[in-house]
Protein chains: 2
Amino acid sequence: MMRKPTIDDVAREAGVSKGLVSLALNGRPGVSAAARERIDAAAAELGWRPSTNARSLAMKRAYSLGLVVRRDPSTFEADPFFAAYVAGVESVLAAHGQVLVLSVVPDHETETQTYRRLIADQRVDGFLLTDLLESDPRIELIAGLGGRAVTLGRPQGESPFPAVTRDYASGIESLLTHLAELGHRRVAHVAGDENMQHARTRLERHREVADRLGLETVVEHTDFSPEQGMDATRRLLARPDRPTAIVYANDPMAFAGIAVAHELGLDLPGELSIAGMDGSDMGRFVYPTLTTLDNDPAGWGRASTQALLDLVERGQAADVPLPPAALIVRASTTAPTATA
Amino acid sequence: MMRKPTIDDVAREAGVSKGLVSLALNGRPGVSAAARERIDAAAAELGWRPSTNARSLAMKRAYSLGLVVRRDPSTFEADPFFAAYVAGVESVLAAHGQVLVLSVVPDHETETQTYRRLIADQRVDGFLLTDLLESDPRIELIAGLGGRAVTLGRPQGESPFPAVTRDYASGIESLLTHLAELGHRRVAHVAGDENMQHARTRLERHREVADRLGLETVVEHTDFSPEQGMDATRRLLARPDRPTAIVYANDPMAFAGIAVAHELGLDLPGELSIAGMDGSDMGRFVYPTLTTLDNDPAGWGRASTQALLDLVERGQAADVPLPPAALIVRASTTAPTATA
DNA sequence: TTGAAAGCGCTACCAA
DNA sequence: TTGGTAGCGCTTTCAA
């Protein structure tokens, strides 16, 4: 079996020095067209692929990006955002010959260690920061270690990293307008973990818009888990002034809400309208099918990866606003049945 | 800012050659206790961590494992196996200072390219092969490229790679016995993609056990997607000899089945018992809560990763049998209501 | 048991 | 525009 061709083989074959091959490979200026041509031909003929390991050593680069997910498996399992997000990440990473290093950790301490280890060992060139907290310690941690990152959402404090953001105001407005037009007056909001950036903005937008539309709002707080989504739903449905519609800050809690409603024997969606906020595909396979906002996780994946690559490779990157989340009306929202 | 210490710094500090530091670092014989001690002390004092990049270049190793998932995002999204599996993988990988490279690809062609690229660029030392097909072309592909892997499940043909397996016979036997004892006589099986190894074994076990217990079986075939799970359920419930219980080859289809039953206005679980087979946590947050088999995805993750590391590092690894899948009885299975 | 030196396959720098 | 050479930080001979 023949050994893998190296840059020396290509240089010899093309009759040039390996320095020149390097320049040509990286599309750098200062290589004559003729030389470039012979180099390309030689590389193609030998089937040469530059060694990532050698480049990494010389460049002090990993040519990979890191994603560290802290979650207990049960919550992670239900997360409809994740899969499509990673697919989006992959699509741009592959085009750049880079890879994604994924880590799933159970707790905060392991999380911190993981970031440290990945940076110290130069396993990644930057991090994708999902599940952003309002005041996220990872930003300081990574910046302090000399690492780079991009945030999904804009953190509260100062951040040296680019942020990818999506406007939820219009989506939530569409959703609540939709409910108001159906005749709902009491619309509850089951909020997520308020330390999390998107939980808080979703709740704030809900409050604002509901006020403007003259809707009565009750809020229940959770940690985004289906478990707490169930509890919140039970509390809401036990109220004397039971809401006729419940908006959940994510889809998994909405599914749990549907389960509770079934358990209580409510007629859905007549006796209770339900909406989620992740645009999950699973929403098409529950009864009734779930009204939600289209969150386009793959779009988040592509945008955040591109921004991070820009930062890593060009030293800077601008914030990226994603198109506003759009309303997806399915069967779980309808006019409330008149109650005696 | 001080530069990262290298092996030379440690050697100098300890007053030895760097070759000796290398031996000590890797726990190799031929280093005196005294030298080893001074080296350890020097390394600790300087806070030295060997450069993964340099080792990779010298050793032609990536110190990372690859997981390539081919799935359209909608199916992936619903996959309760994946998250806990990766968490299990991580737990052993981190202890070995290695990382997981994850790739999510949409189709077979991209999948093949991804394996080729990862091997050619030496980005990973081996692959975890999930979603095993009965006759899986990835085995030949990877073996042909000189790569290594471990399979989750045992493939039909010859395989040079170790296999991690779990016995489902006893779990399926427990499940069907449970249903038989509740009084069910017609138990349908909604099978998954028959090209997939676990889909076929689950179906075969179901048939065997049902025969033995004298249960009548109807089988519907699907591709494991909730979408087809819905269709299959509709067909089953439209039959004149409608089954009183349906066993689904995975949990997402079982959820879809529950949705269809609700849609048709069936009283669950009385009029229809439903069971899944992934032991998903989500099963606790639907109504009725889902009876299923405990698949322990994290266990799969730990075992397959350990086997692959053994193979990569010691050149060989044995097959690993996991404990049999156990029955988890929840609310979705009950005695069938007597029909007039 | 230890040290010196070569090599892994690239990039970067300095002359020419 | 090019070639030669010196790294990047390890591991692995081969002598001593």
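Order of the sequence lines sets the chain letters (A, B, ...), proteins ahead of strands, with each chain counted from 1.
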Colleague: Taking CZ from B/R36 and P from C/dT1, how many angstroms apart are they, rounded to a whole number?
Modeller: 9 Å
Colleague: Hey, is B/D107 close enough to B/R70 for a salt bridge, meaning N to O under 4.0 Å?
Modeller: no
Colleague: Please report, rounded to the nearest Å, how far the P atom of D/dT1 is from the CD atom of A/E37.
Modeller: 15 Å
Colleague: Please tell me if B/R55 has a side-chain N or O lying less than 4.0 Å from either OP1 or OP2 of D/dT11.
Modeller: yes
Colleague: Can you pull every protein N or O that's under 3.5 Å from an N or O on nucleotides 12-15 of chain C?
Modeller:
| unit_1 | atom_1 | unit_2 | atom_2 | d |
| --- | --- | --- | --- | --- |
| C/dA12 | OP2 | A/R28 | NH2 | 3.0 |

Colleague: In this structure, how many angstroms lie between the P atom of C/dT11 and the CD1 atom of A/I7, rounded?
Modeller: 5 Å
Colleague: Tell me the interatomic distance from B/R12, atom CZ, to C/dT2, atom C1', rounded to whole angstroms.
Modeller: 18 Å
Colleague: Between B/K4 and B/D9, is there a salt bridge with N-O shorter than 4.0 Å?
Modeller: no
Colleague: Starting at the 5' end of DNA chain C, which residue's closest nucleotide do you reach first, B/P29 or B/K60?
Modeller: B/P29
Colleague: Tell me the interatomic distance from B/R3, atom CZ, to D/dC8, atom P, rounded to whole angstroms.
Modeller: 8 Å
Colleague: Taking the minimum atom-to-atom distance to the side chain of A/A54, which one of C/dG9, D/dC10, C/dT2 wins?
Modeller: C/dG9
Colleague: Measure the distance from CG on A/L57 to C1' on D/dC10 and round it to the nearest whole Å.
Modeller: 8 Å
Colleague: With a 4.0 Å cut-off, would you call A/D136 and A/R138 a salt bridge?
Modeller: yes
Colleague: Compare side-chain N and O positions of A/S32 against OP1 and OP2 of D/dT2 and report whether any pair is under 4.0 Å apart.
Modeller: yes
Colleague: Taking all non-hydrogen atoms of both residues into account, name the closest pair between B/R3 and B/T6 and its distance.
Modeller: NH1-CG2, 3.9 Å
Colleague: Side chains of B/N26 and B/R55: do they bring a donor and an acceptor to under 3.5 Å?
Modeller: yes
Colleague: Output the rounded distance in Å from CD (A/E313) to P (C/dT11).
Modeller: 13 Å
Colleague: Side chains of A/E90 and B/S103: donor-acceptor distance under 3.5 Å anywhere?
Modeller: yes
Colleague: Please confirm whether the shortest side-chain N or O distance from B/S17 to OP1 or OP2 of C/dG3 is below 4.0 Å.
Modeller: yes
Colleague: Taking all heavy atoms of A/S64 and all of A/R123, pick out the closest pair and write down the distance.
Modeller: OG-O, 2.8 Å
Colleague: Donor-acceptor pair, A/D125 side chain versus A/L65 backbone, under 3.5 Å?
Modeller: no
Colleague: Over its full length, what angle do the end axes of the helix from C/dT1-D/dA16 to C/dA16-D/dT1 make, each axis taken from five pairs and the result rounded to 10 degrees?
Modeller: 40°
Colleague: Identify whether the distance between the nearest side-chain nitrogen and carboxylate oxygen of B/E313 and B/R61 falls below 4.0 Å.
Modeller: yes
Colleague: A/I39 has an atom CD1; how far is it from atom P of C/dT11, in whole Å?
Modeller: 12 Å
